[in-house]
Amino acid sequence: MKKIAILFFILIAIIAGVSYTYMKYRANYYEAKRENNQFESYYEQEFYGNEVATIINKAIDNNLTNQVQRNEKGKFVENDTNSIKIDLKMLDTDKTYDMETLYAGGMDKFSQYYNEIKFKCTRNRLS
């Protein structure tokens, strides 16, 4: 009888462990999906400089929270699971700036200089 009770408790512990792992996986999956949908909603939208600064701050924060690796230049390495990359192409100079460069220059300065300028999200990774 003792052996059956021990076996029963071991079985319950295994089921609880598998259930916990599965529930945690689902929670992480839906959190990533929610964040992805948030950034996907910016596609084909126009924003002023302050809003672009906010979006870049969110992307940097998400990459730091998700512990996205950085390369030797300090840029976030793109991956298929949890990285976010934003590049801004300035049409007047035909030059593209990545979010890390803009962030390093100071988002408050970016907001100050580009507050009244409209930006448009014209491409996303899925299109």
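The figures here come from the full heavy-atom set of this structure, side chains too, leaving out hydrogens, waters and symmetry mates. Numbers here simply count residues along the sequence, with the first being 1. Remember, it's a predicted structure, so these values are computed and weren't measured experimentally.
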Could you walk me through whether K89 and D94 satisfy the side chain to side chain contact (heavy atoms under 4.5 Å, CB included) test, starting with their C-alpha distance in whole Å, then the side-chain angles of each, then the deciding distance to 0.1 Å, before giving a yes or no? CA-CA 7 Å; K89 182 177 182 180; D94 202 36; 2.9 Å; yes

Interatomic distance, [X] atom [atom1] to [Y] atom [atom2] [nearest 0.5 angstrom]:
X    : Y    : atom1 : atom2 : result
K24  : N28  : NZ    : CG    : 6.5 Å
E44  : E46  : CD    : CD    : 9.5 Å
L102 : I86  : CG    : CD1   : 9.5 Å
E51  : S111 : CD    : OG    : 10.5 Å
Y113 : D108 : OH    : CG    : 9.5 Å
I56  : D61  : CD1   : CG    : 13.5 Å

Is there a side-chain contact between [X] and [Y] in this structure, where contact means two heavy atoms from C-beta onward sitting under 4.5 Å apart?
X   : Y    : value
I55 : Q38  : no
D98 : Y103 : no
M99 : F76  : yes
F47 : K118 : no

Would you say CG of L11 has more than 12 non-hydrogen atoms from neighbouring residues, nucleotides or ligands within 6.0 angstrom? yes

Answer yes or no: does atom CD of Q69 have more than 12 heavy-atom neighbours from other residues, nucleotides or ligands under 6.0 Å? no

Should K75 and E100 count as an ion pair when the cut-off is N to O under 4.0 Å? no

Can you check side chain to side chain contact (heavy atoms under 4.5 Å, CB included) on E78 and S83, steps first, answer last? CA-CA 6 Å; E78 285 188 79; S83 67; 4.1 Å; yes

Using the six-membered ring wherever Trp is involved, compare the ring planes of Y114 and F110 and label them parallel, tilted or perpendicular (cut-offs 30° and 60°). tilted

Would you say I117 and V52 are hydrophobically clustered, going by side-chain heavy atoms of ILVMFWY under 4.5 Å? yes

In one Ile/Leu/Val/Met/Phe/Trp/Tyr side-chain cluster, 4.5 Å: I14, I6: yes

N63 side chain to I84 backbone, donor-acceptor under 3.5 Å: yes

Is the backbone N or O of V68 less than 3.5 Å from a side-chain atom of N66, with the two atoms forming a donor-acceptor pair by type? no

Side chain to side chain contact (heavy atoms under 4.5 Å, CB included), that's the test. Do T54 and K58 meet it? Break it down for me. CA-CA 6 Å; T54 300; K58 283 182 186 178; 4.1 Å; yes

